[in-house]
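Note that this is a predicted model, so its numbers are computed, not measured. Quick note on labels: first sequence line is chain A, next is B, and so on, each numbered from 1.
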Amino acid sequence: MTLKFNNTLTGHIDEFVSLKDGKVSLYTCGPTVYNYPHIGNWAAYIYWDILVRILMANSYDVNRVMNITDVGHLVSDADEGEDKLEVGAKREGKTAWEIAEFYTADFLSGMKKLNLIIPQHVTKATEYIPQQLDLIRQLKEKSFTYQTSDGIYYDTSKFIQYADFAHLDLTAQKSGTRVEVSSEKRNPSDFALWKFTPTGEKRDMQWSTPADLLEDGSWNMEDGEPQDSNSQIPIANSQRMGFPGWHLECSAMAMSLLGNTIDIHTGGIDAIPVHHTNEIAQSEAVTGVRFANYWLHNNFLKVNGTKISKSLGNVYLLSDLIEKGFNPIDFRMFILQGNYRNEGNFTFDNLTAAKNRLNNWKNTAAIRHQINSTDGNKSVAPFAVSQAIIEAVNDDLGTPAALKIVDEAFSQIAAAKLADINRGSLIQMLETIDSVLGLQIIDSTPDIGDEAKQIIMQRRQARDQKDWAVSDKLRDQLLQMHIVIRDTADDSIWEYEL
RNA sequence: GGCGCGAUGACGGAACGGUCACGUAGAGGUCUGCAAAACCUUUUAAGUGGGUUCGACUCCCACUCGUGCCUCCA
């Protein structure tokens with residue numbers, strides 16, 4: 001059984017081989033916590049959750065880091081503009097620290113709602129400032145850095161293979177029409193490792209710049225000691241306050257927790273040409289070894305056939321789906337119907353279709369409560385189904401194929417006599433579905449109460465006596481309890497009214 | 001403008017050089033005391049135009065449209 005992924009690094013589907021037997025180090029670019037994530041953001045985390053689950057299903061011990069970008073992600077990736085966190089703080093009249101705390105908590109609660117496995121390490125960029133400064137120090141020692149009036153920059157021309165990862169055409173970029181206002185940058189692709197707090201500006205999040213990182217350094221402050229912006233800092237000194245560049249954060253956290261080379265790095269396709277290219281440049285310039293062996297990138301989710309953007313007014317949040325009566329797991333099912341590499345198209349009709357499919361699954365799962373024997377003589381839920389599900393997902397997170405396998409197995413079960421179904425293998429199959437696809441089938445399909453069971457038995461007796469009036473009355477009673485009965489030739493099977 | 005990605009039925013969405021999954025919705029039917037479910041059937045599905053081939057949805061080229069990055073957003 002082999003795991004295969006479409007690897008951006010090589011440009012084709014590669015068989016997965018981990019660095020250490022039975023262990024996988026995984027880094028996922030996490031959210032910038034300045035606002036609520038929209039459903040497109042969540043789609044990515046669902047894909048990577050499937051990645052974690054399938055690695056675990058293949059008996060890998062997964063060590064995963066997901067960063068929380070709580071400082072330094074500027075409005076523009078060109079190292080211009082304001083910090084998103086500071087923008088959020090102004091918008092809501094709070095400090096950047098409060099903004100980060102609020103949206104981090106919201107993100108984690110969203111993860112739980114979508115049944116996403118929480119990574120072993122959820123790291124905040126602000127808690128890794130010394131590591132980031134140390135990375136700059138090492139880059140400086142190797143002469144990859146230079147200083148401008150507004151920060152410390154990475155000289156991408158010193159990293160020969162800079163353009164390789166994203167197949168960039170740097171000369172075209174250079175001759176492009178883009179003319180920047182502030183270009184003390186030596187090359188258009190150079191990026192900030194550390195930005196100085198602009199003179200006269202008060203930032204909530206800033207740290208002193210270690211003297212040895214400065215070209216004219218004579219400042220003597222503790223590395224990465226957070227400074228209260230309200231304290232009286234002389235203007236000259238405040239110029240040397242600063243904050244990390246967005247790209248640096250990921251490199252520092254990934255390497256300090258997972259080592260110089262990690263197995264898998266994931267992110268959105270938009271991160272390929274800038275963010276991930278820069279991560280590679282920073283990390284590999286320091287270590288001299290490959291930063292990540294496998295890079296997986298998710299495509300974007302469209303809404304109503306077009307991109308998600310605020311100006312189009314089609315930015316939906318998880319809370320919007322819940323308000324319209326959907327369960328977050330319905331959305332998860334919707335995402336699992338497609339492959340991470342393709343654009344999906346979200347509409348409420350499509351979400352309803354996914355919800356209906358999931359409801360049908362739940363009613364099949366409920367059959368387990370209605371089987372008395374553990375040894376149905378026909379193996380309607382064969383062991384092989386579990387294996388087939390895993391193999392489908394092993395093939396580049398092929399969840400659509402896995403769903404098909406479940407559909408086919410479930411339709412056999414739904415068509416079978418209760419007495420013929422093997423309870424143990426049905427439950428085992430449900431467990432596999434839940435562990436690999438995370439759809440919470442078992443948890444969402446509890447048994448019905450004794451009272452309802454009594455009514456079903458009474459109705460069965462009435463039916464045997466062909467007392468249709470009583471039978472129908474009892475069926476109505478069950479409907480009051482949101483239980484639907486379907487009579488087959490052999491059984492009366494209850495379902496949830498979903 | 002530069003560098004990419006994509007286009008499959010009503011909708012979502014796979015695989016595959018020859019027989020076109022699966023799901024949701026609609027229609028018809030079988031079954032049924034009724035209902036529901038299940039099962040069966042269902043309108044010549046591949047953006048357009050060429051090419052390669054005995055044969056292309058699948059490979060190649062062009063175009064159109066959509067979309068991504070460079071220029072906020074996974």
Chemist: Report the residues that fulfil side-chain contact (heavy atoms from CB on, under 4.5 Å) with A/S309, sequence neighbours left out, ordered by chain and then residue number.
Modeler: A/S311, A/L312
Chemist: More 5' along RNA chain B: A/R357 or A/F300, using each one's nearest nucleotide?
Modeler: A/R357
Chemist: Is it the case that over 12 heavy atoms from other parts of the model lie below 6.0 angstrom from the CD atom of A/E451?
Modeler: no
Chemist: Could you give the CD1-to-P distance, from A/I456 to B/A37, as a whole number of Å?
Modeler: 17 Å
Chemist: Keeping A/N299 on the side-chain end and A/Y340 on the backbone end, is there a donor-acceptor pair under 3.5 Å?
Modeler: no
Chemist: With the sugar-phosphate defined as primed atoms, P, OP1 and OP2, and the base as all remaining atoms, what B/S/- string results for nucleotides 30-36 of chain B, 5' to 3', for protein heavy atoms under 4.0 Å?
Modeler: ---BBBB
Chemist: Decide whether a cation-pi geometry holds between A/R64 and A/Y27; the criteria are a distance under 6.0 Å from NZ or CZ to the six-membered ring centre and an angle within 45° of the ring axis.
Modeler: no
Chemist: By nearest nucleotide on RNA chain B, pick out whichever of A/A166 and A/N350 is the more 5' one.
Modeler: A/A166
Chemist: Okay, side chain of A/T123, backbone of A/M253: is any donor-acceptor separation there less than 3.5 Å?
Modeler: no
Chemist: Would you please test A/Y294 and A/F16 for ring-ring contact (aromatic ring centres under 6.0 Å, His included) and show each step?
Modeler: CA-CA 8 Å; A/Y294 298 86; A/F16 176 70; 4.9 Å; yes
Chemist: So does A/K453 pair up with A/D447, basic N to acidic O under 4.0 Å?
Modeler: yes
Chemist: What pattern of brackets, bars and dots sums up RNA chain B from 5' to 3', given Watson-Crick or G-U wobble pairs under 3.5 Å, [ ] for crossing pairs and | for another strand?
Modeler: (((((((..(((.....[...))).(((((.......)))))....(((((..]....))))))))))))....
Chemist: May I ask you to evaluate whether A/N345 reaches the phosphate of B/C11, defined as a side-chain N or O under 4.0 Å from OP1 or OP2?
Modeler: no
Chemist: Please report the distance, rounded to the nearest Å, between CD in A/Q370 and P in B/A37.
Modeler: 16 Å
Chemist: So does A/D330 pair up with A/K355, basic N to acidic O under 4.0 Å?
Modeler: yes
Chemist: From the set B/A25, B/G68, B/C69, return the single nucleotide nearest to any side-chain atom of A/N356.
Modeler: B/A25
Chemist: Separation of A/N298 atom CG from B/G6 atom C1', in whole Å?
Modeler: 15 Å
